[in-house]
Amino acid sequence: MSYLTDKLRADAAAARGDAEITHVPGQMLDEVLSKVPMKRRSMLRGSIGASLTAIFGASALSACGGGGDDTPSASTPAATENFAVGFQKVDAAVGQKVSVPANYTSDVLFSAGDALITAGLSYQGTALSLSELEQVGGGQHDGMEFYAIPGRDPNKNGLLAINHESTDGFMLDLAARSDADKIKARLSNVGVDIVEIRLNETSNKWEVVVGSKYNKRYTGNTNYKTSGPAATVVGDVVGTINNCASGSTPWGTYLTCEESTDNYIDPTQNENGYGWVIEIDPLGELAALATPVKHTAMGRFDHENTAYMLNANNRMAFYMGDDSTPGGIYKFVPDGSYDPNNRAANATLLTQGKLYGAQFKPDGTGVWLELTQGKNGLVMGATDPGRTDRTTDTPTLVDFGTQADVVLQCKAASRVAGATQMDRPEWITVGADKKVYCALTNNGSRTVTDAANPRSTNPHGHIMQWTEDGNDATATTFKWEIFLLAGSQKLGAANLKGNINGDEFSSPDGLRIDPQGRLWVQTDASTSSGTTSVFGNNAMYHVDQTTKRSTRFLVGPDGCEITGLAYTPDLKTFFINIQHPGAGWPVAGETFGRSSTIVVRHNEGKPVGA
């Protein structure tokens, strides 16, 4: 989650007198560093699918990226390729550029305000009408997935589904608009873009196919349906917001995650309409998803991303994190089974199922606590303990009379049931070996520690790893460990050092295990000089899952978060998002930065990582 989103959520919460979402003093690393002695001579000077997937047949869509979407299949790269990680590491750095390893190239593919729906229509410094804003690229690029187009070579042509978490205000011309139009303009800049891209074999550059029949925008002004236990309570919804990270399904649909439980851009909207997982069909084939659907069975909270796991019987689980300080880790198990031979039959699988919250026990075992009305204390007059990462909260009473109450008040339900409150759960990813990883970005306000969150005032975060008992997605017990503690040995205090082997980082956020089992970590640390002098700008790392050695692969420009990772099936093209960069990137001389999707490739045509 962008720190800009953090502020927007906090401002909106304060305006309505809600203390649950707050900016916590000490949350940002620079605030912590200002109070901690550092070893100066060590500081930097001056300045970080599902299976490809189930194959639906020659004419069907398969997801090519993301968490549990990466089990090797007939679409995965040929076994003759060498996928061993061998790139020359990139040094920590600051500056308005993207740094990649020697013998690699990065190119900008798609930026905020770029043409998408109509050829020739883009933001070029002249104000766009409200209808025109709905036709150009959105702002604050975040989570992202790649999808094949039936009958085409997916290594040269496909679709990107891109989340837009917040606004790139430079293109909205807010000062000249009425108050009502200011809201519509801001809402036009968030949501999801479906973008057809192709490799231009003349220039050997990837490009957007402007005007493609597949290109669409789903924004804060679009209509959405709802499904599941709270559908009759919530009804149809106008708009989506805070589309942070994402996920895919085995049947090739896109899951965009709302990382806010209210519409802070348009607070006149009922807050129950936000904080959901939304399913979109990038191909536009499924009648059940002709209008995107918010699935209430998956719970209402500050969703970061989704990642799934299939078992041998095609039952599945979708893992999710609540990006709150603190927040829970959840699992949703649909009632039905995935049918690899009938894509349309899967289009309603996410409407019904069981929702669970994770409890991490001190002995390294864990339990999935069922969040069903009438179970685990979810009854009328239940006692919500509040935040358990500190001692200042007063318990409150919550009524859970129906399953709609449970999913609408999912955060409270998780706490009542006894799920562990974690240090800001962000991306979750599932490997082909069925190990699950979760990034816990930070929690500067933690004063009460536990086995799974062992550091007080945890400014750097950590990464968890767990394995379901029996490697079964539907299991209700698991075993867990802390994979690594982020931080730097350059810092004085013990809770700031971490235990990273290799290139150190702070605030892990984006996680993805690619189809070759390689773990990639993206960071979202503070962009102040107090942070960048230790770690450099936000960056992307490869972390070996056996040795836990971290190697820096890419460094972003000043001011940015590195987020979003998708790739072609041959893994020779990586798509990565640069969110909220500083002025002058990617266009030198501009007084603002443009959030953008970039393409990273090896100059000799080898798989990325070589």
Side-chain angles (χ1 to χ4, degrees), residues 49 56 58-66 75 107-124 128 131-139 141-164 171 188-219 221-222 240 243 246 248 251-256 278-287 289-292 343 564 566-569 573-577 594-599:
F56 304 110
S59 64
L61 178 70
S62 61
C64 298
S75 294
D107 297 296
V108 175
L109 173 66
F110 182 61
S111 299
D114 278 1
L116 179 62
I117 306 298
T118 303
L121 177 61
S122 63
Y123 180 78
Q124 297 292 336
L128 300 176
S131 63
E132 288 172 334
L133 285 172
E134 294 276 345
Q135 300 179 60
V136 300
H141 300 43
D142 207 313
M144 173 172 56
E145 310 288 334
F146 179 86
Y147 296 90
I149 297 174
R152 304 188 195 175
D153 182 351
N155 296 313
K156 297 180 180 179
N157 188 200
L159 303 177
L160 283 178
I162 304 173
N163 276 0
H164 298 287
M171 57 185 284
S188 74
N189 210 221
V190 301
V192 175
D193 290 356
I194 307 298
V195 186
E196 182 180 350
I197 57 172
R198 67 186 172 203
L199 180 63
N200 184 317
E201 298 194 59
T202 300
S203 65
N204 196 33
K205 302 282 189 182
W206 283 83
E207 62 188 15
V208 172
V209 183
V210 178
S212 163
K213 69 176 184 178
Y214 297 108
N215 293 355
K216 292 182 179 64
R217 296 209 61 223
Y218 301 94
T219 73
N221 297 308
T222 303
T240 183
N243 304 83
S246 57
S248 59
W251 51 96
T253 56
Y254 183 66
L255 301 180
T256 180
I278 305 173
E279 187 174 11
I280 295 170
D281 178 16
L283 281 183
E285 293 179 340
L286 298 173
L289 299 174
T291 298
R343 185 170 187 245
Y567 24 72
T568 52
T573 302
F574 272 29
F575 305 98
I576 299 165
N577 284 331
R594 296 179 184 244
S595 297
S596 301
T597 301
I598 65 171
V599 176

Ignoring hydrogens, what is the shortest heavy-atom contact between [X] and [Y]? Give both atom names and the distance.
{"X": "Y214", "Y": "P282", "value": "CD2-O, 4.3 Å"}
{"X": "G137", "Y": "L116", "value": "N-CB, 4.5 Å"}
{"X": "S246", "Y": "M144", "value": "OG-N, 3.1 Å"}
{"X": "V210", "Y": "A115", "value": "CG2-O, 3.7 Å"}
{"X": "E132", "Y": "L128", "value": "OE1-CA, 3.4 Å"}

Indicate whether the side chain of [X] and that of [Y] have a donor and an acceptor atom separated by less than 3.5 Å.
{"X": "N200", "Y": "E207", "value": "yes"}
{"X": "N243", "Y": "T256", "value": "yes"}
{"X": "S188", "Y": "E134", "value": "no"}
{"X": "D193", "Y": "H164", "value": "yes"}
{"X": "N577", "Y": "T597", "value": "yes"}

Approximate separation, where rounding is to 0.5 Å, of L255 CG and E279 CD: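 L255 atom CG to E279 atom CD measures 5.5 Å (nearest 0.5 Å).
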Separation of W206 CH2 from L199 CG (nearest 0.5 Å):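 One finds 5.5 Å between CG of L199 and CH2 of W206.
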Please determine if [X] and [Y] form a salt bridge, counting it only when a charged side-chain N lies under 4.0 Å from a carboxylate O.
{"X": "E196", "Y": "R152", "answer": "yes"}
{"X": "E201", "Y": "K156", "answer": "yes"}
{"X": "R198", "Y": "D153", "answer": "no"}

Partners passing ring pair (Phe, Tyr, Trp, His ring centres under 6.0 Å) against F110 (at least two apart in sequence or in another chain): H141
Residue pair N163, Y254: steps toward the side chain to side chain donor-acceptor pair (under 3.5 Å) verdict: CA-CA 10 Å; N163 276 0; Y254 183 66; 2.7 Å; yes
